[in-house]
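Computed from a prediction, not measured in an experiment: that's the story for all the values here. Convention: sequence-line order gives letters A, B, ...; per-chain numbering from 1.
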Amino acid sequence: MAINPKKHEMPTQEPAVRAHNFDEVALGYSEEIAIAEAQRCLNCKNAPCVNGCPVNIDIPNFISHIKDGDFESAYNVISLSSSLPAVCGRVCPQETQCESKCTLGIKFEPVGIGRLERFVADWHNNNSKEQPVKPQSNGHKVAVVGSGPSGLTCAGDLAKKGYEVTVFEALHTAGGVLVYGIPEFRLPKSIVAKEVETLKALGVKIETNVVIGKTLTIDELFESGFKAVFIGSGAGLPNFMGIPGESLKGVYSANEFLTRSNLMKSYLQNPDTPIMKGGKVAVVGGGNVAMDAARTALRLGAEQVYIVYRRSMDELPARKEEVEHAKEEGIIFKLLCNPTEILGYNNPDNPRDEKNGFVTGMKCIKMELGEPDEKGRRRPVPVENSEFIIDVDTVIMSIGTSPNPLIKNTTDGLEVNRWGGIVVNEDGLTSRDAVYAGGDAVTGAATVISAMGAGKVAAKAIDEYLSNK
Amino acid sequence: MYKIVTKKELNPTVTQMEIKAPLVANKALPGQFIILRVDDMGERIPLTVAGVNKQNGTVKIIFQIVGATTHKLNQKNEGEFIQDFVGPLGEPTHIDGLKKVCIVGGGVGCAIAMPIAEALHQKGCEVTSIIGFRNKDLVILEDEFKSCSDSLHIMTDDGSYGRNGNVCVPLSEMLSGGEQFDMIITIGPLVMMKFVVEAARPYGTPVTVSMNPIMIDGTGMCGGCRLTLNIDGKRVTKFACVDGPDFDGYQVDFDEAMSRGRMYSDFERHAYEESCNLFRKA
């Protein structure tokens, strides 16, 4: 049988329609498409794709169950390695992970592994009646700080082994970046809630409104009987560029803009939490968060949305599919372009003018790519006298974050590197006994799946540590 | 859910509540704040801790009914619950080693100033308190201030109670009369704090101001609460939620903070009217 050289297309909402709603963009494979796509898999003996997966899902095995139409078995295979398949199938950068290693990809398009993972997880959520069973307790209490991808993964893996896990979440809803950061149209919140419910059924306790480092310290967790702690507190304070005008009204960090829309539901009618809607919006940065912010702004009613990025399309770090979707929806990419100043309204005759202090534009300079830097990426350099002004009302800075200081400041003996990231060994162990860490709190801003991988590694190490105690 | 254990109207626009939150009560120190949500779709608002009762596990909050959320909060009664209550957040006010302090509170800011005055008083510090209000009906916490201050000056804008004038009047008199304070700690409207700094400037008295910008998470994630400090000629961005809420008054860019505070004033006006209409209909 001849192999279809292309992945089966993901059914999506039409760009012109979805640009005005918050419903999910990608609609998911049907059973027929999933089986057809699964049949493209060569079932390689050495399975290079598995090594490309940060949590080492047995990919050929789950795909072969799809070929047989046995979707629940496929789900069970994924579950052995991943606590959050419905999430990963949606937000993993598969093109740089599993799919980049696919043998089929040498000559053709690789197997749509991510799309199949999503299909299997959704099929399970919609059809399976099986309830997860709470395992017999082994009597050890473990605390997990933060309910984002690394914390939930660590909690899930430990709960399955019989640990009594409590997850402490600073915000009012569990999910971390999955609920405050990633928008509804890319990852519906009902899916995150479902994954959290599954963990609860496994016996995981979730305590919201507890800020570790403030409400309780790491030392107090040990005093109250926890035998090990995993810190998955995530990325921290947003970075700003340090250019004039960043405190004008209408300048947001991407974290703030997305939190207002996602966590606080500003995108709904008559929300209690306000957000600036409409007008012209510039998002500065080229990562997934920048794409999320730009596409959220569009859906909130912006007439024009720009991505302003200092390098070119080739260096854009966002997931390819998100960039494609953003382009289709009409986001304008201003590449090789860097802001130098944000301009604001100022009525010299009337200091009480209500428009004073609001953003009116952004001054940018054109860039060109020069010599490669130490990471091998070509360094952008400004082109002299090439400044120009973009007419905008809102500017969203999406240029990364710096680690949150709350836990570091209240935990004696917890070593951090010069960026403020928590230092860990290959098992996720920090400089403190029985304290493990992973995810963005260690690496700085990275992906959901790498955070999950870190949660998994730490769960294994915590299990070994406590079983030998 | 967090229970409202007591509720008391301090004046027609200011309400005091004690909320059952043992973990917060166990930790909170003067100068720190909490964040609450009234109901499931509510916004997160920061309120400074006005006192704690560790034994009962309660935290005292005092709020002015200024917008939709505080209006909604004020509709709740003793025995009812609010959705979320998290803290204590921010750094406590630094009071160690202070021997003689002037506390300057304005309006509902006095609610935040009071526990600091109390803490200083308990440590044996000489406390001078100046508290200012628009008029007699709005005066709050007079007895509480009396019991922890070595001298108390009450000011009203219209002269209907205490002395006529703003809080800077007695402060300037004392400073020009040669009174020396280790520190002036001021909490109130931004414009008041700005003028307290100006009143102190000629004498070089250190001034601590308590900033309460717009916040969402309050834990150092969103950056909405950022403000600019002028430190040695450089403009430095700080976050009120984790670096503050207290700052050196001489460094704060008040004009910028005031402008940022008005970012959503249109929205808020509208939301307040909506919420008032809703309760009127109900």
Side-chain angles (χ1 to χ4, degrees), chain A residues 169-173 177 180-181 207-211 213-217 220 233-240 242 244 246-260 263-266 268 270-276 344 351 354 356-358 397 401-406 409, chain B residues 2 21 23-24 26-27 32 35-45 68-69 72 83-91 214 216-228 235-237 239 241-243 253 255-268 270-271 274-275:
Chain A
E169 168 55 49
L171 292 172
H172 55 260
T173 309
V177 72
Y180 77 72
E207 300 273 357
T208 53
N209 294 330
V210 179
V211 184
K214 285 287 174 191
T215 318
L216 294 169
T217 62
E220 285 167 330
S233 51
L237 294 161
N239 294 339
F240 289 89
E246 281 182 303
S247 290
L248 290 166
K249 288 174 279 190
V251 182
Y252 290 99
S253 74
N255 271 3
E256 180 182 358
F257 189 75
L258 290 171
T259 300
R260 282 179 184 272
L263 179 71
M264 306 311 298
K265 312 276 178 230
S266 309
L268 300 174
N270 302 318
D272 280 4
T273 303
I275 195 165
M276 285 180 66
E354 290 202 353
N356 281 347
F358 276 95
M397 288 292 173
T401 58
S402 308
N404 190 305
L406 294 185
N409 290 350
Chain B
Y2 300 80
L23 289 179
V24 184
N26 196 33
K27 276 290 170 66
Q32 290 189 295
I35 283 196
L36 64 79
R37 279 201 320 157
V38 179
D39 55 35
D40 192 37
M41 287 302 284
E43 68 174 334
R44 294 170 68 95
I45 59 161
T69 298
K72 211 156 60 175
Q83 185 76 29
D84 296 294
F85 193 87
V86 57
L89 301 166
E91 292 292 314
I214 296 170
I216 308 178
D217 64 297
T219 63
M221 191 268 283
C222 81
C225 66
R226 67 189 181 275
L227 43 97
T228 306
R235 289 178 65 76
V236 180
T237 298
F239 300 96
C241 70
V242 291
D243 300 320
D253 183 339
D255 294 339
E256 180 188 286
M258 283 187 256
S259 173
R260 284 184 63 77
R262 288 192 295 267
M263 182 155 168
Y264 299 104
S265 47
D266 251 10
F267 179 96
E268 279 157 11
H270 184 72
E274 286 274 304
S275 125

Identify, with sequence neighbours excluded, every residue that meets side-chain contact (heavy atoms from CB on, under 4.5 Å) alongside L406(A).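 L406(A): side-chain contact (heavy atoms from CB on, under 4.5 Å) contacts with V211(A), K214(A), N404(A), T219(B), V242(B).
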Among the listed options L23(B), I45(B), V86(B), the residue most often paired with chain A at heavy-atom distances under 4.5 Å: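 Maximum pair count with chain A is reached by V86(B).
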Hey, what do you get for [atom1] ([X]) to [atom2] ([Y]), rounding to the nearest 0.5 Å?
X	Y	atom1	atom2	result
N209(A)	L36(B)	CG	CG	10.0 Å
I275(A)	M263(B)	CD1	CE	9.0 Å
N239(A)	T237(B)	CG	OG1	10.5 Å
E246(A)	R235(B)	CD	CZ	11.0 Å
R226(B)	L237(A)	CZ	CG	11.5 Å
N356(A)	D255(B)	CG	CG	11.5 Å

Counting heavy-atom pairs closer than 4.5 Å to chain B, which one of L263(A), V251(A), L248(A) comes out on top?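 Heavy-atom pairs under 4.5 Å are most numerous for V251(A).
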Best-contacting candidate, S247(A), G213(A), S266(A), G236(A), against chain B by heavy atom pairs under 4.5 angstrom: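 Option with the top pair count is S247(A).
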Test side chain to side chain contact (heavy atoms under 4.5 Å, CB included) applied to H172(A) and R37(B), step by step: CA-CA 9 Å; H172(A) 55 260; R37(B) 279 201 320 157; 3.4 Å; yes
Which atoms of [X] come close to chain B, meaning under 4.5 Å heavy atom to heavy atom: side chain ones, backbone ones, both, or neither?
X	answer
N409(A)	neither
T217(A)	both
E220(A)	side chain

At a heavy-atom separation under 4.5 Å, does [X] approach chain A through its side chain, its backbone, both, or neither?
X	value
I35(B)	neither
I216(B)	side chain
Y2(B)	side chain

Report yes or no: do T215(A) and K27(B) form a side-chain donor-acceptor pair below 3.5 Å?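 On atom types as modelled, these side chains do not qualify, holding no pair under 3.5 Å.
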Return all side-chain donor-acceptor pairs below 3.5 angstrom for residues 253-260 of chain A, not counting sequence neighbours, or 'none' if the list is empty.
residue: S253(A); atom: OG; partner: N255(A); partner atom: N; Å: 3.4
residue: S253(A); atom: OG; partner: E256(A); partner atom: N; Å: 2.9
residue: S253(A); atom: OG; partner: C222(B); partner atom: O; Å: 2.5
residue: N255(A); atom: ND2; partner: M221(B); partner atom: O; Å: 2.7
residue: E256(A); atom: OE2; partner: R260(A); partner atom: NE; Å: 2.9
residue: E256(A); atom: OE2; partner: R260(A); partner atom: NH2; Å: 3.0
residue: T259(A); atom: OG1; partner: N255(A); partner atom: O; Å: 2.5
residue: R260(A); atom: NE; partner: Y264(B); partner atom: OH; Å: 3.4
residue: R260(A); atom: NH1; partner: P274(A); partner atom: O; Å: 2.8

Are L268(A) and M41(B) side-chain neighbours, meaning at least one heavy-atom pair lies under 4.5 Å?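 With C-beta onward as the side chain, the pair touches.
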